[in-house]
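Report on the following structure.
Residue numbers start at 1 and run along the sequence shown.
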Amino acid sequence: MDRARRQRVLALLPVCLALAFSLTAVGSSYWCEGTRRVAKPLCQDHPEVLHCIHYSSGSRDNGTRAVQYIWETGDDRFIWRRFHLGLWQSCEESLDSTGEKCRSFQSLTPAEERGVLWLCIGAEVLSILLTLTSAIVLGSRVSHHSSGFHWLKVDASVAILMVLAGLLAMVAHMMYTTIFQITVNVGPEDWKPQTWDYGWSYCLAWGSFALCMVASVTAASRYTAARVELAEKKSVRKGSQLSQRNFQEPKSSEGVWETEAAPSPAGCSLVNISEHLPSDAKGKVSVC
């Protein structure tokens with residue numbers, strides 16, 4: 001692999017990484033993780049549940065009314081269940097610890113914030129499409145052995161596409177962060193988390209934004225360097241052409257010098273050169 005092809009592959013690498021990070025983050029449900037405090041069910045109602053409230057029952061003297069004695073009080077009446085959510089759904093551990101129970105994240109958000117959530121999803125999808133377009137364009141640059149002004153257009157297009165993709169991703173991440181925090185504060189009571197933090201999908205999403213900006217800056221620097229190099233080549237070419245014109249040999253005169261023989265002493269003749277001298281001067285050369 002020659003040096004130019006290696007540089008093209010290195011330029012394509014951050015774009016492909018940004019695309020992979022974005023696809024993984026959007027498709028996963030680990031943008032936020034945390035725990036919820038849930039009341040334990042009665043063991044009689046859920047015999048398969050490991051963590052439940054044990055109670056004993058008795059009857060009064062006439063046996064007409066049953067009395068339940070629950071021995072767990074305070075925080076012992078609750079269990080902690082982990083949950084995670086993304087752009088599409090929120091999942092948490094089931095009571096019997098055999099799997100997860102998921103529901104749509106849109107159903108958890110307040111009604112007035114659902115439009116913002118769809119804008120967030122739309123911005124994420126558009127950012128992925130722009131990154132994919134940049135990857136295709138740079139991939140064609142790697143596979144084809146061409147040079148010249150065409151690749152200047154490619155670098156300029158990639159720089160614009162990647163900066164737009166990065167800005168859209170940044171706006172989408174900020175909108176999602178705001179929507180999640182609002183949902184935590186005013187969301188349904190049976191979902192509100194006690195503790196939460198951002199997950200690995202959220203980190204991947206911001207990593208994709210950083211890679212988009214790096215790819216954009218790299219493409220812009222390549223474009224600038226190529227334009228400067230082309231300008232220098234043009235100036236050198238023009239300078240060489242001017243120097244060749246200045247140092248060309250003058251053409252030989254097609255005219256014949258007019259000579260006039262004049263008498264001279266000692267067998268010499270004087271030749272009159274009148275064509276290549278000023279009009280007011282006469283030159284004579286003695287030829288023996």
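Taking CG from Leu204 and CG from Leu23, the interatomic distance works out to 11.0 Å, rounded to the nearest 0.5 Å. Considering CG of Asp197 and OG1 of Thr35, their distance stands at 11.0 Å, rounded to 0.5 Å. Here the OG1-CG distance, from Thr218 to Asp155, works out to 10.0 Å after rounding to the nearest 0.5 Å. With values rounded to the nearest 0.5 angstrom, Leu12 atom CG is found 9.5 Å from Ser140 atom OG. The distance from atom CG of Leu168 to atom SG of Cys120, rounded to the nearest 0.5 Å, is 11.0 Å. Atom CG in Leu129 sits 11.0 Å away from atom CG in Leu161 (nearest 0.5 Å).
Using cut-offs of 30° and 60° on the angle between ring planes, the pair Trp31 and Tyr202 is perpendicular. Between Trp196 and Phe180, the ring planes lie perpendicular to each other; the angle is over 60°, past the 30° to 60° tilted range.
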Derivation and outcome, side chain to side chain contact (heavy atoms under 4.5 Å, CB included), residues Val163 and Cys212: CA-CA 6 Å; Val163 73; Cys212 286; over 6 Å; no
CA sep, side-chain torsions, deciding dist, call: Met213, Met170, side chain to side chain contact (heavy atoms under 4.5 Å, CB included): CA-CA 11 Å; Met213 303 310 292; Met170 180 187 67; over 6 Å; no
Residue pair Arg81, Glu92: steps toward the salt bridge (Lys or Arg N to Asp or Glu O under 4.0 Å) verdict: CA-CA 7 Å; Arg81 288 195 295 180; Glu92 62 182 16; 3.3 Å; yes
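The shortest heavy-atom contact between Val137 and Val158 is CG1-CG2, 4.1 Å. The shortest heavy-atom contact between Cys32 and Tyr176 is SG-CE2, 4.3 Å. Between Val186 and Pro110, the closest heavy-atom pair is CG2-CG, 3.6 Å. Between Ala159 and Ala220, the shortest heavy-atom distance links the atoms CB-N, 3.8 Å.
Hydrophobic clustering of Ile, Leu, Val, Met, Phe, Trp and Tyr side chains at less than 4.5 Å, counting indirect connections, keeps Leu164 apart from Tyr223. Clustering ILVMFWY residues whenever any of their side-chain heavy atoms sit less than 4.5 angstrom apart, transitively, puts Val154 in the very cluster that holds Val9. Under the 4.5 Å side-chain heavy-atom criterion for ILVMFWY residues, a single connected hydrophobic cluster contains both Phe83 and Trp88. Tracing side-chain contacts under 4.5 Å through hydrophobic residues (I, L, V, M, F, W, Y), one reaches Leu19 starting from Phe209; they form part of the same cluster. Transitive grouping of hydrophobic side chains (ILVMFWY, heavy atoms separated by less than 4.5 Å) brings Met175 and Ile128 into a common cluster.
Using a 4.5 Å cut-off on side-chain heavy atoms (C-beta onward), Pro188 and Leu108 make contact. Contact of the Leu85 side chain with the Ser29 side chain is not registered, since no non-hydrogen atoms from C-beta on lie closer than 4.5 Å. Residues Phe105 and Ile179 have side chains in contact (heavy-atom distance under 4.5 Å, counting atoms from C-beta outward). Side-chain contact between Thr24 and Ser201 is absent, with no heavy-atom pair separated by less than 4.5 Å. Contact check for Leu130 versus Met162: no side-chain heavy atoms found under the 4.5 Å cut-off. Taking the side chain as every heavy atom from C-beta outward, Cys16 and Phe21 never approach each other to under 4.5 Å. Contact check for Arg82 versus Glu33: side-chain heavy atoms found under the 4.5 Å cut-off.
Residue pairs satisfying the side-chain hydrogen bond (donor to acceptor under 3.5 Å, both in side chains) criterion with at least one member in residues 109-137, sequence neighbours excluded, are listed as follows: Glu124-His173. For residues 183-192, every residue pair satisfying the side-chain hydrogen bond (donor to acceptor under 3.5 Å, both in side chains) rule, not counting sequence neighbours, is listed here: Ser90-Trp191, Glu189-Lys192.
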